[in-house]
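One structure below.
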Amino acid sequence: MKLTSDVLYVGVNDHDIDLFEGQYTVPNGMAYNSYIILDEKISIFDTVDARFGKLWLQNIQAALNGATPDYLIIQHMEPDHSANIANFMDAYPQTKIVATAKAFAMMKQFFGNDYVDYRIEVKDGDTLSLGKHTLTFVTAPMVHWPEVMLSYDSYNKTLFSADAFGKFGALDAEEDWACEARRYYFGIVGKYGQQVQALLKKASGLDIQTICPLHGPILNENLSYYIGLYDTWSSYRPESEGVLIAYTSVYGNTKKAVFALADELKALGCPKVTVTDLARDDMAEAVEVAFRYDRLVLATTTYNNDIFPYMKSFIDHLTERNYQNRKVGLIENGSWAPTAAKTMTRMLEVCKGLTLCNTVVQIKSALNEESIASVKALAQELV
Ligand code: FEO
């Protein structure tokens with residue numbers, strides 16, 4: 001696929017994957033993007049997942065049309081992009097590999113070879129002339145691993161952005177960009193907002209007209225929209241007003257309280273109320289929505305003198321991703337010694353800028369008049 005007269009897409013779509021990175025469901029598959037610049041010197045950006053090496057090498061062979069590549073640029077060493085380095089070097093042994101020192105150290109770890117005779121080690125701000133195109137390398141540690149670098153092509157004003165601006169979903173899937181990009185972002189780099197902010201600062205000094213990420217579509221229109229969302233997400237600001245009610249329920253009594261609260265919030269005019277059952281729904285989607293909205297309600301049972309495991313896991317997902325600057329309400333249920341709210345409060349203490357609602361709904365086994373009144377009071381506080 002030609003992106004311009006001399007920049008080609010040679011990536012692959014994966015519709016066979018069960019879990020991306022061993023944990024994320026990807027109902028519309030995944031794309032592992034790879035690109036070639038056909039200039040006086042020919043450069044290839046990144047490889048693809050191990051299972052697609054043969055197809056990727058065929059794509060490259062077709063794009064090269066008999067020419068020999070000069071550089072394999074490795075922007076990120078996670079195996080969804082690096083798994084075919086050794087296969088590529090077997091096929092094109094004279095190619096020079098361009099990467100950061102940290103990336104070469106990882107090559108040694110993954111392949112037992114750091115290509116001493118074929119390496120061009122680059123650091124932030126280094127340039128590589130290909131002919132018409134000149135690449136400037138921009139390091140982006142922890143977006144998403146420490147060795148990551150991006151490459152800016154000043155000729156086409158294109159940023160090859162590694163994992164940044166990527167999303168779940170194969171390129172032949174018709175779906176909204178933001179939904180699966182947000183789930184991907186908070187799942188994968190949500191912890192590293194500060195580092196993403198540092199990258200956005202560097203990128204703001206570049207004239208970018210096209211973004212070529214390693215996952216998801218090539219972005220070449222309305223770039224301020226995508227960059228604006230990355231700025232919101234990485235600064236932990238809520239993207240929109242809304243309430244996520246995340247719950248677990250063993251026999252349905254906590255669930256009844258959750259839906260009573262949702263109805264109450266809607267009756268009070270709350271524009272967006274999303275309810276998620278943490279034991280049954282996609283956890284990554286729940287994490288995404290928690291970061292998207294400005295309010296969150298956690299409802300769970302006391303369990304083994306702690307809280308129900310799915311809720312524990314959900315709160316861990318939030319706190320390890322620096323969840324902050326939101327309003328939070330709590331609902332607890334317990335038949336003899338309800339302590340879930342206390343446990344959740346303690347788990348959330350590490351979060352900056354949380355406002356906990358004064359009303360804590362306590363259910364003793366099942367809803368009654370008192371706890372229904374408490375649900376209504378919580379709804380009032382949330383709106
Ligand atoms: Fe797409 Fe961090 O790998």
Side-chain angles (χ1 to χ4, degrees), residues 9-35 44-53 55-56 59 72-88 97 99-100 102-107 109-111 137-151 159-171 173 175 177 180-196 198-200 203 211-219 226 230 233-234 284 287-288 317 320-321:
Y9 179 87
V10 287
V12 298
N13 283 324
D14 180 359
H15 286 289
D16 300 327
I17 189 167
D18 62 342
L19 291 174
F20 178 67
E21 291 189 0
Q23 61 172 318
Y24 299 103
T25 57
V26 281
N28 285 329
M30 201 66 204
Y32 312 113
N33 296 341
S34 172
Y35 306 91
I44 296 163
F45 288 87
D46 298 285
T47 84
V48 298
D49 187 86
R51 291 171 294 116
F52 293 87
L55 177 59
W56 175 67
N59 290 351
L72 175 64
I73 297 169
I74 296 296
Q75 303 184 109
H76 183 16
M77 276 301 295
E78 193 164 14
D80 51 333
H81 311 294
S82 70
N84 282 289
I85 292 175
N87 290 336
F88 178 90
I97 301 178
T100 60
K102 284 195 173 89
F104 282 112
M106 288 183 186
M107 272 176 233
Q109 292 171 190
F110 277 111
F111 305 111
F137 301 107
V138 179
T139 53
M142 301 321 294
V143 188
H144 143 233
W145 279 14
E147 83 299 355
V148 168
M149 67 174 191
L150 286 63
S151 313
L159 182 67
F160 294 90
S161 64
D163 273 346
F165 300 100
K167 67 181 273 297
F168 295 130
L171 293 193
E175 62 183 4
W177 185 87
E180 283 299 70
R182 192 190 297 106
R183 190 168 70 97
Y184 171 90
Y185 174 86
F186 283 110
I188 287 168
V189 279
K191 181 178 177 59
Y192 301 107
Q194 212 180 331
Q195 289 83 349
V196 174
L199 171 62
L200 291 176
I211 296 176
C212 289
L214 288 179
H215 303 289
I218 290 134
L219 308 173
Y226 304 103
Y230 255 61
W233 299 341
S234 58
V287 170
E288 173 204 338
H317 278 295
E320 71 192 29
R321 288 168 175 75

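The figures that follow rest on heavy atoms only: side chains count, while hydrogens, waters and symmetry mates do not. This is a predicted model, so every value here is computed, not measured. Counting convention: from 1, in listed order, for ligands and their atoms alike.
A tilted orientation is assigned to the rings of Tyr32 and Phe52, their planes being inclined by 30° to 60°.
With sequence neighbours excluded, the residues forming a side-chain contact (heavy atoms from CB on, under 4.5 Å) with Ala99 are Ile74, Ala103, Phe104, Met107, listed by chain and number.
Proximity of Ile44 to Phe88: side-chain heavy atoms (C-beta onward) are separated by under 4.5 Å at one or more points.
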Which pairs of donor and acceptor atoms, one on a side chain in residues 23-31, lie under 3.5 Å apart (sequence neighbours left out)?
from, atom 1, to, atom 2, distance (Å)
Tyr24, OH, Gly187, O, 2.8
Tyr24, OH, Arg321, NH2, 3.4
Asn28, ND2, Glu175, OE1, 2.7

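A donor atom on one side chain and an acceptor atom on the other are not found under 3.5 Å apart for Asn33 and His215.
Here the N, O or S atom of His215 that is nearest to atom 1 (Fe) of ligand 1 is NE2.
The tally of protein N/O/S atoms under 2.8 Å from atom 2 (Fe) of ligand 1 stands at 4.
Applying the salt bridge (charged side-chain N to carboxylate O under 4.0 Å, His left out) test to pairs two or more places apart or on separate chains, those with a residue in residues 13-30 are Asp14-Arg51.
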